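Here's the structure, in structure tokens; my notes come after.
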Amino acid sequence: PPSPLPTGSRLLAWVLWLQVWRVAAPCPGACVCYNEPKVTTGCPQQGLQAVPADIPVASQRIFLHGNRITHVPATAFRACRNLTILWLHSNALTHIDATAFAGLALLEQLDLSDNAQLRAVDPTTFRGLGRLHTLHLDRCGLQELGPGLFRGLAALQYLYLQDNGLQALPDDAFRDLGNLTHLFLHGNHIPGVPERAFRGLHSLDRLLLHQNRVARVHPHAFRDLGRLMTLYLFANNLSALPAEALAPLRALQYLRLNDNPWVCDCRARPLWAWLQQFRGSSSELPCSLPRRLAGRDLKRLAATDLEGCATATGPSRAIWTGGPADEQLLGLPKCCQPDAADKASVLEAGSPASAGNALKGRVPPGDSPAGNTSGPRHINDSPFGTLPGSAEPPLTGLRPQGSEPPGAPTVGPRRRPGRSHRSSAAGQRQRGSALAMQRAQVPLLARRQPRPLGLALVLWTVLRPC
Ligand SMILES: *[C@@H]1O[C@H](CO)[C@@H](O)[C@H](O)[C@H]1NC(C)=O
Ligand SMILES: *[C@@H]1O[C@H](CO)[C@@H](O)[C@H](O)[C@H]1NC(C)=O
Ligand SMILES: *[C@@H]1O[C@H](CO)[C@@H](O)[C@H](O)[C@H]1NC(C)=O
Ligand SMILES: *[C@@H]1O[C@H](CO)[C@@H](O)[C@H](O)[C@H]1NC(C)=O
């Protein structure tokens with residue numbers, strides 16, 4: 001049929017088409033390929049059930065998220081030696097071949113999140129990814145971190161492991177991650193923080209451990225975290241926390257400990273004393289026991305409130321029935337021997353205090369309570385920290401692109417694979433809202449008071465006339 005276009009226009013169209021073909025070819029059927037700003041193959045939300053076989057080997061970015069891919073074979077990306085960004089999130093992955101990413105020495109960003117059926121990753125899967133700076137493994141149904149899973153990932157800065165089913169933190173799991181700044185472990189089933197769990201994390205800035213089942217923190221668990229600024233342990237199962245564990249956190253600014261079954265008796269004194277001198281912002285620590293202090297904020301108690309040994313006499317919020325056996329279970333130190341001062345203390349009726357003096361002598365010198373203060377008010381008691389409901393503020397005010405390290409060299413159009421004309425805006429919205437929530441960075445909170453004023457206040461509370 002004769003074309004409505006004049007010959008010149010037809011020729012021009014033909015030349016343009018050739019040009020596009022030359023730039024993009026060969027491009028897999030369901031994908032859009034382009035060369036600027038990076039050589040990119042984008043096939044998001046196409047209903048793909050397998051990784052396309054003919055992905056251009058020059059690809060620097062490959063977007064395959066929002067499909068129904070079940071398997072990443074060993075050969076999937078083998079020839080793509082220049083690959084820096086690979087998104088496979090929101091698929092139906094059940095298996096990743098252990099060598100699927102082998103040889104991708106330039107890979108900087110790997111997103112495997114939201115593949116709830118994955119459940120396990122071979123411990124050698126990430127070997128050799130020496131330039132990787134962001135690894136998303138959140139919402140993958142992971143039960144455990146295999147031995148050496150993160151070995152050699154010296155450039156890693158962001159590690160997302162939240163909302164899995166992790167049952168434990170293995171020793172030395174993050175040992176090689178000397179450049180890691182963000183470690184997200186919230187929303188798992190982690191029961192405790194053992195001594196060697198966070199060894200080697202000398203650059204860590206944010207450690208999110210909230211919404212787990214943490215009942216015990218080893219006194220040396222945070223030894224290497226001298227640069228940590230944010231620590232979230234709210235919504236866990238802590239009845240006690242050794243002050244010794246917090247001592248190495250010299251850079252700490254934001255601490256959340258609410259929603260834990262705190263036992264506010266003599267065993268909480270070292271923690272109480274640490275909180276009195278802490279200059280950052282901290283949440284409330286509502287006591288669970290003893291019942292006469294239930295709901296009171298540990299930080300605001302007087303030293304004299306923390307006397308005797310708490311045991312529960314009836315149903316209470318705490319999962320605690322009293323008795324030495326339960327103390328061991330809870331990871332609480334054995335209760336202290338009532339001393340002269342403690343004799344005046346109120347013990348719960350009908351529950352004899354356990355004997356033993358395990359805590360005494362373990363209290364670091366600086367951790368003894370200051371004396372007869374009547375509940376000094378501290379600058380930590382910001383509106384931020386005191387509202388139990390304010391456990392969540394960091395998860396509000398999110399920046400959807402929050403997971404991108406600012407100024408990263410190869411920041412891809414995360415959540416904006418819009419250059420692919422086939423990407424579905426609806427899919428992006430769905431992902432953008434729910435998922436951005438999960439992975440957004442915690443925004444920095446403004447300090448409430450400048451240090452000199454806070455220091456003066458603390459000095460005043462200590463030195464004021466009785
Ligand atoms: C990778 O990039 C380099 C430099 O731009 C180029 O010479 C090489 O051909 C690329 N490799 C592949 C597999 O495209
Ligand atoms: C770790 O970070 C430092 C400082 O930013 C940098 O010089 C070093 O190259 C990084 N290490 C790796 C393996 O990327
Ligand atoms: C909290 O810790 C206690 C004592 O270790 C344990 O019995 C209880 O099951 C824990 N609760 C949860 C939710 O893990
Ligand atoms: C603390 O209180 C006790 C008893 O109330 C009192 O004997 C002691 O002198 C007080 N110590 C200080 C430093 O005020």
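As the structure is a computational prediction, the values presented were derived from the model and not from experiment. Just so you know, ligand 1 is whichever comes first in the structure, and atom 1 is the first atom listed for that ligand.
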Check whether any protein heavy atom sits under 4.0 Å from atom 7 (O) of ligand 2.
no
closest protein heavy atom to atom 13 (C) of ligand 1 is Val57 O, 3.8 Å
Apply salt bridge (charged side-chain N to carboxylate O under 4.0 Å, His left out) to the pair Asp176 and Arg151, showing each step before the final yes or no.
CA-CA 6 Å; Asp176 291 353; Arg151 190 170 297 158; 5.1 Å; no
Hits for salt bridge (charged side-chain N to carboxylate O under 4.0 Å, His left out) against Arg78, two or more places apart or cross-chain, chain-then-number order -> none
Quick one, His220 with Glu244, criterion side chain to side chain donor-acceptor pair (under 3.5 Å). Give me CA distance, side-chain angles, the key distance, then yes/no. CA-CA 7 Å; His220 301 151; Glu244 203 182 339; 3.2 Å; yes
- Message: Ring-plane angle category for Phe222 and Phe198, please: parallel below 30°, perpendicular beyond 60°, tilted otherwise.
- Response: parallel
Point to revise | Protein heavy atom under 4.0 Å of atom 11 (N) of ligand 1 | key: yes
With heavy-atom distances below 4.5 Å as the criterion, would you say the side chains of Leu104 and Leu110 are in contact?
no
Classify the angle between the aromatic ring planes of Tyr160 and Tyr158 as parallel (below 30°), tilted (30 to 60°) or perpendicular (above 60°). parallel
Atom 1 (C) of ligand 1 has as its nearest protein heavy atom Asn82 ND2, 1.4 Å
of all protein heavy atoms, closest to atom 3 (C) of ligand 2 is Asn179 ND2, 3.7 Å
protein heavy-atom neighbour closest to atom 14 (O) of ligand 2 works out as Ala155 CB, 3.3 Å
A student checking ligand 2 against Ala154 at a 4.0 Å heavy-atom cut-off should list atoms 12 (C), 13 (C)
